[in-house]
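Here's the structure, in structure tokens; my notes come after.
Residue numbers start from 1 in every chain, and the chains themselves are labelled A, B, ... in the order their sequence lines are given, proteins ahead of strands. The structure displayed is predicted, hence computed values, not measured ones.
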Number of protein chains: 2
Amino acid sequence: MLKIDPTLIKDLKAFVGLDIDELELVLSDAHSSLFVKGEAFFREGEKATRFFVLLDGFLQVIRTTENGEQVIMRHFAPGDVFGIAPALRRDTYPATALAVADCVALHWPNRFWDIFEKKVPRLVQNAHGAVGERLNASQDRIVEMATEQVERRVARAVVRLVQQTGKKTAKGIRIDMPISRQDIAEMSGTTLHTVSRIFSSWSNLGLVAVGRQKIEVLSAHKLVIIAEGH
Amino acid sequence: MLKIDPTLIKDLKAFVGLDIDELELVLSDAHSSLFVKGEAFFREGEKATRFFVLLDGFLQVIRTTENGEQVIMRHFAPGDVFGIAPALRRDTYPATALAVADCVALHWPNRFWDIFEKKVPRLVQNAHGAVGERLNASQDRIVEMATEQVERRVARAVVRLVQQTGKKTAKGIRIDMPISRQDIAEMSGTTLHTVSRIFSSWSNLGLVAVGRQKIEVLSAHKLVIIAEGH
DNA sequence: CGAGAAATTGAAAAGATTCAACTCTCGTGG
DNA sequence: CCACGAGAGTTGAATCTTTTCAATTTCTCG
């Protein structure tokens, strides 16, 4: 069904530990699709029909409140599994997944979950590990929201973005993705105004260079100090 | 190893869908222990050696920040599985579990996880379902912390407690557990002072009757309106 | 080049925390 | 059995952080 070479994907986080035969089996049932920037992989509450592995691009998972506010729950990068409702015995997607850049993703109908569970158990175990990390990250974030003030939360959001998409530049590390003040606000539970003020002050301190939808970290070290507090 | 009657536990959430043989198999390998109020089942970062099902009592899961602040992540009631590190391919416990009342819990060494996965798959599936609910609840809470103000968060914390331990009384519903203002503050990311002020105002409105470590909800309906906003 | 989105910034207001003093409640031990 | 002390709770006042409102400015793309 697909003409992807197993060796191209064998190092992706989702497929770590699979042997060639397993990779081929998995690929033989996979569909591959392009999702253009802005397109939704699935939306909150929608019936879950398939699960995904991101091959290329970048996506964000968001939730929307009744009064229309958005919260960015997290980002996914190539190699991540997502939309794995069957791993959690859910039949709807709990959030909306949006392509932030053009994306290529593999996906399978949900019925393959149980098949892979038997035939490629490592794949399913990897997914459970990913769930564990996400649960842990969620709880970290709850603690952060409950105890830290805004500047630190914003710093952490930026540090996370740097870790996920940072590209080395002459002067520092640039976030390789158009990110607005509003996006950062939705990642850290504040307003774009407050983010703007914080960025201005960091910029004055020579910590970052910011522009329209772009952020370059000049002193990752100092930013981490703000984020972690020591 | 244990003389618990399968019929006593067959309706617990953790064991839903197991047949008698499976229940007996599971029980035959189980240990049962009493944890007195205040005792820890396990602590954050500790090597995970066993997983649990709560039979009786009530426990809270907490995280502590570097500067000693506590955040109550969630509560567990009889029938809940917890400490299921193997389900998430973790080898340490991610948080601390404390008995809030005297508790009785079943527990198994972690090696039984893989055994049960084969022999009692439904048990493991139930656990994954529980993980899914928890991940979902965590994300709800993140949204809540990011977008709602304190009074609403406190209202939600109280509503959750009522759902988990509410006991009908003459005038309303009482939370059947000693809960301090500080506890509510740690559940909702605020200070005991703010909780105290909010409770005073609710009390003046006739919404709740509060006392030392006790909360009785007189108008659940109005409280839900504060919590949910409509 | 013009239009619209993104960002900045000041000023005012709101919301919550911090500090501090004080009160209440309950269990314990004299 | 009562007094006392510690833990739990309350409340005012000051302060601080963040948001809200509003007015501009800057960028970038078509």
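For the pair T49(A) and F42(A), the minimum side-chain heavy-atom distance is 4.5 Å or more.
One interatomic measurement links the two molecules: CD1 of I198(B) to C1' of dT17(C), which rounds to 12 Å at whole-angstrom precision. Between the CD atom of Q149(B) and the P atom of dA13(C) there is a distance of 18 Å, rounded to whole Å. Between the NZ atom of K214(B) and the P atom of dG7(D) there is a distance of 21 Å, given to the nearest Å. Atom pair M145(B):CE and dT18(D):C1' shows a separation of 15 Å (rounding to whole Å applied). Atom NE2 of H193(B) is separated from atom P of dA21(C) by 14 Å (rounded to the nearest Å). One can place CG of D183(B) at 13 Å from C1' of dG7(D), the figure rounded to the nearest angstrom. For the pair R181(A) CZ and dC27(D) P, the interatomic distance rounds to 12 Å; values are reported in whole Å. Rounding to whole angstrom units, CG of residue L192(A) and C1' of dA5(C) are separated by 12 Å.
Remark: the R197(A) side chain and the dG10(C) base include a donor-acceptor N/O pair separated by less than 3.5 Å.
When each of R156(A), R153(A), R152(A) is checked for a salt bridge (Lys or Arg N to Asp or Glu O under 4.0 Å) with E144(A), only R156(A) meets the rule.
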Test side-chain contact (heavy atoms from CB on, under 4.5 Å) applied to M187(B) and M73(B), step by step: CA-CA 7 Å; M187(B) 293 175 68; M73(B) 302 309 302; over 6 Å; no

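Ring centroids of H107(A) and F51(A) are separated by 6.0 Å or more, keeping the two rings apart.
Ring geometry for F52(A) versus F35(A): interplanar angle over 60°, hence perpendicular rather than tilted (30 to 60°).
One finds a side-chain N or O of T190(A) lying less than 4.0 angstrom from the OP1 or OP2 phosphate oxygen of dT19(D). Between dA7(C) and S196(A), no contact under 4.0 Å exists linking OP1 or OP2 to a side-chain N or O.
Nucleic acid contact class of R212(B) (heavy atoms, under 4.0 Å, all strands): base. Backbone-only engagement by S180(B) is indicated by non-hydrogen atom pairs under 4.0 Å involving sugar-phosphate atoms exclusively.
Between Q182(A) and T191(B), the residue anchored nearer the 5' end of DNA chain C, judged by the nucleotide with its closest heavy atom, is Q182(A).
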